[in-house]
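Each remark here refers to the structure printed beneath this line.
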Amino acid sequence: MAALLTGLQALLGSDNVVAGAEVSAAVYSPWTRLGEPVALVRPRSTAEVAGVVRLAREFSTPVVPWGGRTGLVDGALADGAIALSFERMAAVEAIDPAASTLTVQAGCVLETACRAVEAEGLFLPLDLGARGSATLGGMIATNAGGNRVLRYGMTRDSVLGLEVVLADGTVISSLNTLIKNNAGYDLKQLFIGSEGTLGIVTRAVLRLRPKPVSQQTALVGVDRFEALAPLLRLLEGELAGGLSAFEAMWPEFYELVTTPPAAGRPVLPPAFAFYVLVESLGADPELDGDRFNRVLNRALEDGLIADAVIAKSQAECDRLWALRDDVAQTARNGPILTFDVGLPIARMDGYVADVRATLARALPKATLTVFGHLGDGNLHLIVGADPAAKAQVEAAVYRPLASLNGTVSAEHGIGLQKRAYLHLSRSAEEIALMRQLKAALDPGNLLNPGKILSGPGSADVNQAAT
Ligand code: ZN
């Protein structure tokens with residue numbers, strides 16, 4: 001251990017290697033378990049990252065990349081590993097307005113990148129609640145989703161090029177800036193969403209879009225689940241491709257975010273079966289506003305919505321989004337377990353009823369709060385329950401998904417927390433291929449080991465959930 005630390009200090013300077021008790025003092029995240037790393041290192045260049053990986057290999061010590069540490073599946077847990085922090089690799093390197101591209105270092109915080117891009121009159125369409133802490137490297141490694149996937153896709157859809165350090169220290173610099181490039185395997189896709197298990201993302205080129213000049217936002221009340229899918233189709237069709245968010249809230253969520261101690265207050269009476277935050281982004285404030293009002297009126301006439309509040313100013317728009325973003329309220333009554341399942345919209349109502357019934361039988365005191373990116377087929381389920389009942393809660397949430405062609409993770413990833421349930425969403429053949437890729441790219445199992453897949457020889461399947 002001493003020799004490893006000496007090597008790291010020689011490579012990075014002693015200021016950038018934190019070890020022993022100082023590590024736990026230097027890092028803390030309220031969102032995720034980080035474990036006890038043997039050292040926290042802060043490289044400032046891709047060459048230094050490669051140097052750290054080579055040293056880690058020499059001393060058979062795992063490396064766990066750390067971005068904003070706001071993930072929700074223990075993907076950054078670094079027990080006994082070198083925690084590789086990107087805090088000194090956080091630069092916006094270049095914005096090319098003509099090509100509409102952004103080049104960043106992996107530690108660049110999403111909000112910082114968005115501001116820099118908007119100052120150039122362009123738009124980086126990625127957006128999520130952790131925008132002030134999530135790093136682009138972490139978002140790429142986890143293929144983060146968020147609030148505007150409906151229109152712009154997941155993080156994967158905005159990545160044009162990547163630079164990655166492999167497990168043997170090789171640097172793959174594939175900083176492509178072209179929208180179309182079919183020259184052989186698209187290697188970047190291997191690393192996007194691999195949660196740092198196949199390589200470490202150090203830099204990236206992202207695709208930018210024109211900055212929308214108009215934003216229309218409304219909160220609508222809906223009486224019955226069956227109206228949600230036709231409402232989504234109507235908005236997608238009539239808003240001329242502008243629909244950018246369709247965020248549904250079940251009544252329990254709406255109540256939590258509109259009553260003290262939450263800062264929000266009801267903008268629609270608490271009388272509806274569902275509340276949906278609808279957003280459209282466009283290029284013409286006047287025309288877009290007229291179209292938005294017309295479409296919502298039509299939805300009202302067709303009986304798809306029962307009531308609507310349309311934001312008349314940026315402050316009103318922010319107030320509506322603040323309700324949707326105040327996810328922290330779901331934890332105010334005690335410990336919670338959070339889920340990000342995906343399934344076809346048509347099956348959601350039955351699925352939620354099923355989970356509710358199973359929980360009521362098994363854990364009568366458990367609470368269930370549901371909201372999410374309905375337009376993406378992605379629901380967040382928040383279960384308030386004793387942490388000791390975790391396995392029962394997970395079984396109630398995950399077990400019905402296999403027969404619904406659903407997924408145990410629509411956007412948060414697998415990390416450690418969902419590893420035992422991966423087989424509910426991926427076939428044995430798919431998991432075997434994942435293992436083959438991992439063995440080929442990281443034969444020593446040193447890159448974020450144990451995340452997504454258990455180490456060689458261990459079982460992944462949680463029998464309780466099969
Ligand atoms: Zn989400």
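Whatever order the structure lists ligands and atoms in, that order sets their numbers, starting from 1.
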Handout entry: Ring centers of Y398, F339 separated by less than 6.0 Å
Key = yes

Problem - Ring centroid separation F274 to W250 under 6.0 Å - result: yes

Handout entry: Donor-acceptor contact present, side-chain N448 to main-chain G75, <3.5 Å
Key = yes

Practice task
Give me the protein N, O or S atoms that fall under 2.8 Å of the Zn ion (ligand 1), sorted by chain and residue number.
Solution key: H373 NE2, H380 NE2, E411 OE2

Problem - Lys/Arg N to Asp/Glu carboxylate O, E238 vs R294, below 4.0 Å - result: no

Handout entry: Salt-bridge contact D340-K418 (side-chain N to carboxylate O under 4.0 Å)
Key = yes

Which pairs of donor and acceptor atoms, one on a side chain in residues 191-209, lie under 3.5 Å apart (sequence neighbours left out)?
from, atom 1, to, atom 2, distance (Å)
S194, OG, F191, O, 2.9
E195, OE1, G415, N, 2.7
E195, OE2, I414, N, 2.7
T197, OG1, S194, O, 2.7
T202, OG1, E163, O, 3.2
T202, OG1, E163, OE1, 2.9
R203, NE, E93, OE1, 3.1
R203, NE, E93, OE2, 3.3
R203, NH1, E163, OE2, 3.0
R203, NH2, E93, OE1, 2.9

